[in-house]
Amino acid sequence: MSLQDEIEEKSGKIFRDSYQMSIGELINLYRDGEMDIHPEFQRVFRWNDYQKTKLIESIMLNIPIPSIFVNQNEDGVWDIIDGVQRLSTIFQFVGIFKDEEGEQLPALVLQKTDYLPSFAGVEWTNTIPELSFTKEQQLFFKRARIDIVIMKKESDPNTKYELFQRLNTGGTKLSDQEVRNCLMIMTKKSFYEFTLGLEQLESYRNCIPITDRKADEQFRMELVLRLMVARYIDWDSIGQYSEFSELLDKETLRLCEIDIDYKQFSEHFNGTFNLLYGVLGEDTFKKYNGTKHSGPFLISAFQGIAVGVFLNISNIIALENSGSWLKNKIQEFYSEEVFLKNTIPGVKAIPRYKELSLFGVEYFKP
């Protein structure tokens, strides 16, 4: 197939409309339940009140703001692909935005800006006239227009996921895992909630001593997915991936589609990390030099040890001296040739992921 044939085939699977809508019209769509802006995303987009104020300022000064991208589902409801924070800021400012539990959030109070210092303390409505938008200002705001790009329901089902990743241009750059979290929520919220529940297990978190920055970027959530993917992946299929982030993205979406025994997986996950934490605590994934564990958390150690123990947990727990057996196996793991060669700089991520996972499964068999 030629390049032109590929372009025509793929572009022919995308159907879209583009037009302007007033903020008043968008408010009505949201109020009537015809728009899903995923309030769950607020925890990852992280706009502060000043960033929100700057958006309101741009609207009032007639400064263009980026287009909103939406996906139209089978019921005609708009699923927001790009523009969640912009729309939620607008809806919070006018006092109608609700969180994921359906509770209305406090209205946004504006802050002082360089161009509009009188914004300080102003709200959509306030009993103090000086701190409230006037009727004229409210009408101007609601009549302001925003470009909307609508991906129609006839488009390829994967279009909205591709767009979400490519259009991640919000005020705060998201990490790969934060984008992945959003994709899970859009695809199968129950799977996201299940994965989040695993990530919050105390013994698991205590086994993963990482920096605050890594924690904020949802690195522990990524590690849960690394383990889940290794459990369900078809290892013969990984040749289709050129980057590890692509593998994790696509395999995570595949996990959303397959049947997983959540109860059994959770029991094995809890058993794995309760045992690991009881044996070595936060030293579990730190290199052992023959005398003691030291240094930072090692993702290569996690890949081999966590996957290996998880997939053998029932047999390990059944051992008479499971704790001492596992402690010795983990400490010896750090001197194994497979582990050592996969910690050399320059080793490619995908082969390392596969080799350490498969080695761990065999190595931790009692």
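Quick note: residue numbers are just sequence positions, from 1.
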Check your understanding: Which atom pair, heavy atoms only, marks the closest approach of Thr53 to Val109?
Key -> OG1-O, 4.4 Å

Point to revise | Main-chain N/O of Gln200 paired with Arg220 side-chain donor or acceptor, under 3.5 Å | key: no

Check your understanding: Which distance, rounded to the nearest 0.5 Å, do you find between the CD1 of Ile65 and the CG of Asp147?
Key -> 9.0 Å

Practice item. Enter the distance from Asn342:CG to Gln303:CD here, rounded to the nearest 0.5 Å. Key: 10.5 Å

Check your understanding: At what distance, to the nearest 0.5 angstrom, does CZ of Phe364 lie from CD1 of Ile316?
Key -> 7.0 Å

**Study point:** Residues forming a salt bridge (Lys or Arg N to Asp or Glu O under 4.0 Å) with Glu282, sequence neighbours excluded
**Key:** Lys286

Practice item. Please work out which of the three classes, parallel, tilted or perpendicular, describes the rings of Phe273 and Phe302, given edges at 30° and 60°. Key: parallel

Check your understanding: Donor-acceptor pair, Ser132 side chain versus Pro129 backbone, under 3.5 Å?
Key -> no

Study note, to complete from the structure: Nearest heavy-atom contact between Val77 and Asp36 is CG1-N, 4.2 Å

Check your understanding: Between Asn312 and Gly360, what is the shortest heavy-atom contact and its length?
Key -> ND2-O, 4.3 Å

Review point. Is Val347 linked to Tyr241 within one hydrophobic cluster, defined over Ile, Leu, Val, Met, Phe, Trp and Tyr using a side-chain heavy-atom separation of less than 4.5 Å?
Key: no

Exercise for review: Scan for salt bridge (charged side-chain N to carboxylate O under 4.0 Å, His left out) pairs involving residues 197-208, sequence neighbours excluded, and state none if there are none.
Suggested key: Glu199-Arg205

**Study point:** Contacts of type salt bridge (Lys or Arg N to Asp or Glu O under 4.0 Å), residue Lys341, not counting sequence neighbours
**Key:** Glu355

**Study point:** Donor-acceptor under 3.5 Å (Thr187 side chain, Met184 main chain)
**Key:** no

Practice item. Considering only NZ, NE, NH1 and NH2 on the basic side and carboxylate oxygens on the acidic side, decide whether Glu251 and Arg254 come within less than 4.0 Å. Key: yes

Practice item. Hey, could you give me the CH2/NZ distance between Trp124 and Lys142, rounded to the nearest 0.5 Å? Key: 5.5 Å

Practice item. Could you label the plane-to-plane angle of the Tyr204 and Phe269 rings as parallel, tilted or perpendicular, counting under 30° as parallel and over 60° as perpendicular? Key: tilted

Practice item. Determine, step by step, whether Tyr115 and Met60 satisfy the side chain to side chain contact (heavy atoms under 4.5 Å, CB included) criterion, reporting the C-alpha distance in whole Å, the side-chain angles of both residues, the deciding distance to 0.1 Å, and the verdict. Key: CA-CA 11 Å; Tyr115 286 132; Met60 295 306 294; over 6 Å; no

**Study point:** side-chain hydrogen bond (donor to acceptor under 3.5 Å, both in side chains) partners for Ser300, two or more places apart
**Key:** none

Check your understanding: Do Phe339 and Ile344 share a hydrophobic cluster (ILVMFWY, side-chain heavy atoms under 4.5 Å, transitive)?
Key -> no

Practice item. Determine yes or no for a side-chain-to-main-chain donor-acceptor pair under 3.5 angstrom, with Tyr353 supplying the side chain and Ala230 the backbone. Key: yes

Point to revise | CG/Asp212: more than 12 non-hydrogen atoms of other groups inside 6.0 Å | key: no

Exercise for review: List, by chain and number, the other hydrophobic cluster members for Leu131, where Ile, Leu, Val, Met, Phe, Trp and Tyr join if side-chain heavy atoms come within less than 4.5 Å, directly or indirectly.
Suggested key: Ile128

Check your understanding: Do Tyr30 and Trp78 have their ring centres less than 6.0 Å from each other?
Key -> no

Practice item. Indicate the atoms forming the closest heavy-atom contact of Lys188 with Cys256, along with that distance. Key: CD-O, 2.9 Å

Review point. Given Ile37 and Phe97, is the side chain to side chain contact (heavy atoms under 4.5 Å, CB included) satisfied, shown in steps?
Key: CA-CA 10 Å; Ile37 65 168; Phe97 184 61; 3.2 Å; yes

Study note, to complete from the structure: Sequence neighbours excluded, the answer for salt bridge (Lys or Arg N to Asp or Glu O under 4.0 Å) partners of Glu336 is none

Exercise for review: Would you sort out whether Ser88 and Trp47 count as a side chain to side chain contact (heavy atoms under 4.5 Å, CB included), showing the intermediate values?
Suggested key: CA-CA 10 Å; Ser88 61; Trp47 267 19; over 6 Å; no

Check your understanding: Do we get Lys329 above Tyr363's six-membered ring, with its NZ or CZ under 6.0 Å from the centre and within 45° of the axis?
Key -> yes

Check your understanding: To the nearest 0.5 Å, what is the distance between CD1 (Ile23) and CZ (Phe93)?
Key -> 10.0 Å

Check your understanding: Counting heavy atoms not belonging to Glu243, are there more than 12 under 6.0 Å from its CD?
Key -> no

Check your understanding: Between Phe194 and Ser266, what is the shortest heavy-atom contact and its length?
Key -> CE1-CB, 4.1 Å

Exercise for review: Classify the ring geometry between Phe285 and Phe297 as parallel (under 30°), tilted (30 to 60°) or perpendicular (over 60°).
Suggested key: perpendicular

Exercise for review: Consider only side-chain heavy atoms of I, L, V, M, F, W and Y, link residues closer than 4.5 Å, and tell whether Ile350 and Phe359 are in one cluster.
Suggested key: yes

Check your understanding: For the residue pair Arg143 and Ser22, what are the closest heavy atoms and their distance?
Key -> O-CB, 4.2 Å

